[in-house]
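All values below come from the heavy atoms of this structure, side chains included, with hydrogens, waters and symmetry mates left out. A, B, ... follow the sequence lines: proteins, then strands. Residue 1 opens every chain.
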Number of protein chains: 4
Amino acid sequence: MENGLSPLLNPRKSPRQERSIATVDAIFEATIQVLSSDGLIGLNTTRVARRAGVSVGTLYQYYPNKQALLFAVLERHLVVLAAAIEKACDENLTARADELAEAVVKAYLRAQMAQAEVSPALYRISLELDARALIDMATRRSVTAIGAALASAIDAQYADPHLVAQTLTAALFGTVPAFCHRVLAPADGREAEKQLTIMFRSYLAAHQSGVSGS
Amino acid sequence: MENGLSPLLNPRKSPRQERSIATVDAIFEATIQVLSSDGLIGLNTTRVARRAGVSVGTLYQYYPNKQALLFAVLERHLVVLAAAIEKACDENLTARADELAEAVVKAYLRAQMAQAEVSPALYRISLELDARALIDMATRRSVTAIGAALASAIDAQYADPHLVAQTLTAALFGTVPAFCHRVLAPADGREAEKQLTIMFRSYLAAHQSGVSGS
Amino acid sequence: MENGLSPLLNPRKSPRQERSIATVDAIFEATIQVLSSDGLIGLNTTRVARRAGVSVGTLYQYYPNKQALLFAVLERHLVVLAAAIEKACDENLTARADELAEAVVKAYLRAQMAQAEVSPALYRISLELDARALIDMATRRSVTAIGAALASAIDAQYADPHLVAQTLTAALFGTVPAFCHRVLAPADGREAEKQLTIMFRSYLAAHQSGVSGS
Amino acid sequence: MENGLSPLLNPRKSPRQERSIATVDAIFEATIQVLSSDGLIGLNTTRVARRAGVSVGTLYQYYPNKQALLFAVLERHLVVLAAAIEKACDENLTARADELAEAVVKAYLRAQMAQAEVSPALYRISLELDARALIDMATRRSVTAIGAALASAIDAQYADPHLVAQTLTAALFGTVPAFCHRVLAPADGREAEKQLTIMFRSYLAAHQSGVSGS
DNA sequence: GATGAATGAGGGTTCATTCAT
DNA sequence: GATGAATGAACCCTCATTCAT
């Protein structure tokens, strides 16, 4: 919240506020569009404003600076991802570990795909200075949710569910973008999902039986 | 610490050439330093030149433009990573799958750690336009090496070693940076290595026995 | 002193547009001044902007690059010249050839003199790459106008009025600058006009009688 | 001479001097070649040196700076033109005026054509600061030579042969380049020569009969 | 004398941000 | 509140010229 602006959460609004909100949204969407079509490098405030159908001045009335714009977009992206993982975990609180693995992988990938347009550009942003806080937020939520689900899994005990959750989160937030960026060339989404699911399932299984390598 | 520029590998060199090589190297190292300390956004040719102790003009005598500078750094990084993986695979061509998994994870992480200074910044570069080719090169080498090692593994058959190799490569090139960037906060390198090894081993084991999920 | 930029001829304009127009004109005039005082080599966008009393950024809001600036100035110069010749021809469509010669020479010289400040510098521009199109435009207009006037001249027939028109145009656009640039040192404008008129008249007379040399 | 350097005239030379002369010539020719192929804008000292097969340092040993290089080329060009005109005049000292006209036009055009490669670029140079002196030299020689020839022409008296000579010189040095630069599109050299000759002849004839316009 | 690596001032251009209207 | 013209610092890059070797 302190990082930039997140004006997306006010419940009640006056007519004037409604217009404001429409404007904020227009700018927000324009940012995503410009990001998709021109990339991070091609994104500048003038372009965003034009695409949003407002003037630069107006843009600066709602977002204090360019970073805030990008942070807002990145934030929503990460919030959506985190929420998807949380939902999958909540729905599998008392499921078997392999069902959990499948659910989490599917949820994450579905959320990613839904925002496929922007995500490449967003990864650029997220690596820029100070997005740390946002990413921490998202991964923390993911780790917490997965950890809780593991702790309550019906079929197994984990020595360190937090550690396992961290690993899965890292693999999720790390590997998937790698898949996306055609590291895995022929990998249509389905195949990626399948392989990741296998990997997660077997990793969880390994931890259940207490194997701890090296 | 070779030299980072292809056409400079001649064995005999005049004093003048030596000076050139020293300069190229200085610029190359300065790029890494500036990247580490100021980030990709804070990197500009003037700063790099100053840090290298040369003038901008000199910089442009050896690198045609700013991108070339960044590419050179990224290229060396990726080449080192790919070579490390290849070496690990070669040395485990007739080993068991779990030994291979351990070796590859270890090799990759060691190589990463050795270049820890730069790697955060490099991931920024690699997401910029046109680094595609370099990344393709590195991942292709990784996939090929791992695939070959799997095909010749002593203890198992894989229905699709290439696919498995691709997945591991993606997990490697994707997850590890995520680990690095404190997705996994308390994860010291050791722990990351341990968990990744477990994950890889179990994933390979899953494929050996023919489990294919979903 | 119109405005030098095509899309600004709208009759009604807001205060903001007026400011814009004033700015464009200021930049345009500044370009001419800098060209006159510092020459083509000494002209740079910073200097032009400063002389116009605006910032470089503003300059680039109205002219996409330095060339565009120079082209705008050159274009207006050539348009004025071409218009002057056309007017002289139109007014002498049914005159005698010697009257036409006199009128054309006088019109061209008058137009030149009126812009004497810039013309030296402009000839530098016109020799740079891609001014071809502008010069073609101007000479084409001149050739067409003179050709038409010759074809309708009351006292003579020309075997090839187009060729004659081309020659006169070349002599006009070529010789006069040479005069200007003190090839003809003591030649005040009057004398140049007189001699050129004689030359054109006699050249036309030679063609009337069908003499075709060599 | 004072403008830059003209090291082309030393009659006797030691072996060392011979090598020097070879170098100077190589640089000189390289300048012309670069001028022809890359234009004035594309000409820089490094390129010239490379084309000459020497180092920049060497170039600067023979020419104090870039201007000197260009001046040398321009000077030779103008010297050749002036010499051609002088020769034509000398050979027609006691000829008829129309023969003189023809001879001068032909001589000038021949000389131009012989250097056609460079002349476009040279006109760019000649318009840059301080080529004034060189151009004055050439035109003065032309005016003097033509003036003398007119004064001794067998068939006519001229009230002011100097003025006539100046006009012809201006037309020559001015119109011809205009012809060259396709003001006169279909004008192959022959046609240009023919028309110019007609123009000069008739102009001279007009002056013979004492017509003085306006 | 010859070399070419090094210099660095200077040029063109961009763009985040401001502020008068 | 909205506008968009104006700003100017900062960036990338070039090239005439120098000088240690």
Side-chain angles (χ1 to χ4, degrees), chain A residues 16 19-20 23 41-50 53-69, chain B residues 14-24 41-50 52-67 69, chain C residues 14-24 27 41-50 52-69, chain D residues 16 19-20 23 41-50 53-69:
Chain A
R16 179 164 292 161
R19 183 144 59 94
S20 295
T23 305
I41 281 189
L43 181 144
N44 58 265
T45 51
T46 312
R47 187 124 60 190
V48 169
R50 188 164 45 236
V54 301
S55 66
V56 233
T58 299
L59 186 155
Y60 273 86
Q61 210 132 37
Y62 292 105
Y63 293 88
N65 50 47
K66 189 184 165 183
Q67 266 218 30
L69 214 53
Chain B
S14 74
R16 190 160 279 152
Q17 282 175 327
E18 271 176 35
R19 181 147 61 111
S20 290
I21 290 174
T23 304
V24 181
I41 279 191
L43 181 146
N44 59 266
T45 53
T46 314
R47 189 125 59 192
V48 170
R50 187 160 48 233
V54 300
S55 65
V56 231
T58 298
L59 186 155
Y60 277 90
Q61 204 143 42
Y62 296 102
Y63 296 89
N65 50 47
K66 189 184 166 183
Q67 266 220 29
L69 214 52
Chain C
S14 74
R16 190 160 282 153
Q17 283 174 328
E18 270 177 36
R19 181 146 63 111
S20 290
I21 290 174
T23 304
V24 182
I27 295 170
I41 280 189
L43 181 145
N44 59 266
T45 52
T46 314
R47 189 127 57 194
V48 169
R50 188 161 46 236
V54 301
S55 67
V56 230
T58 297
L59 186 157
Y60 276 90
Q61 205 142 42
Y62 296 102
Y63 295 89
N65 50 47
K66 190 183 164 183
Q67 266 219 29
L69 213 53
Chain D
R16 179 164 292 160
R19 183 144 58 94
S20 294
T23 305
I41 281 187
L43 180 145
N44 59 264
T45 52
T46 312
R47 186 123 61 190
V48 169
R50 189 165 44 237
V54 301
S55 67
V56 231
T58 300
L59 186 155
Y60 273 86
Q61 211 131 37
Y62 292 104
Y63 293 89
N65 51 48
K66 190 184 166 183
Q67 267 218 29
L69 215 52

Derivation and outcome, side-chain contact (heavy atoms from CB on, under 4.5 Å), residues A:Y63 and A:T45: CA-CA 10 Å; A:Y63 293 88; A:T45 51; over 6 Å; no

Where does DNA chain F pair, written as one dot-bracket string 5' to 3', with Watson-Crick or G-U pairs under 3.5 Å, ( ) inside the strand, [ ] for crossing pairs and | for another strand? .||||||||||||||||||||

Would you please confirm or rule out a distance under 4.0 Å between OP1 or OP2 of E:dT17 and any side-chain N or O of A:Y60? yes

Quick one: pull up OG in D:S20 and CD in D:Q61 and give me the separation to the nearest 0.5 Å. 8.5 Å

Considering residues at least two apart in sequence or located in another chain, which fulfil the side-chain contact (heavy atoms from CB on, under 4.5 Å) criterion with C:A49? C:V54, C:L59

Are the side chains of C:L43 and C:K66 in contact, using a 4.5 Å heavy-atom criterion? yes

Rounded to whole Å, CZ of D:R50 lies from C1' of F:dC15 at a distance of 12 Å

Between atom OG1 of B:T23 and atom OH of B:Y62, what is the distance when rounded to the nearest 0.5 Å? 4.5 Å

Whole-Å distance separating the CG atom of D:L69 from the P atom of F:dT17: 10 Å

For nucleotides 6-11 of chain F, read 5' to 3', which letter fits each nucleotide if B means a protein heavy atom sits under 4.0 Å from the base, S means only the sugar-phosphate is that close, and - means neither? BBB--S

Rounding to a whole Å, what distance do you find between B:N65:CG and E:dG12:P? 20 Å

Quick one: list whatever passes side chain to side chain donor-acceptor pair (under 3.5 Å) with B:T58, sequence neighbours left out. B:S55

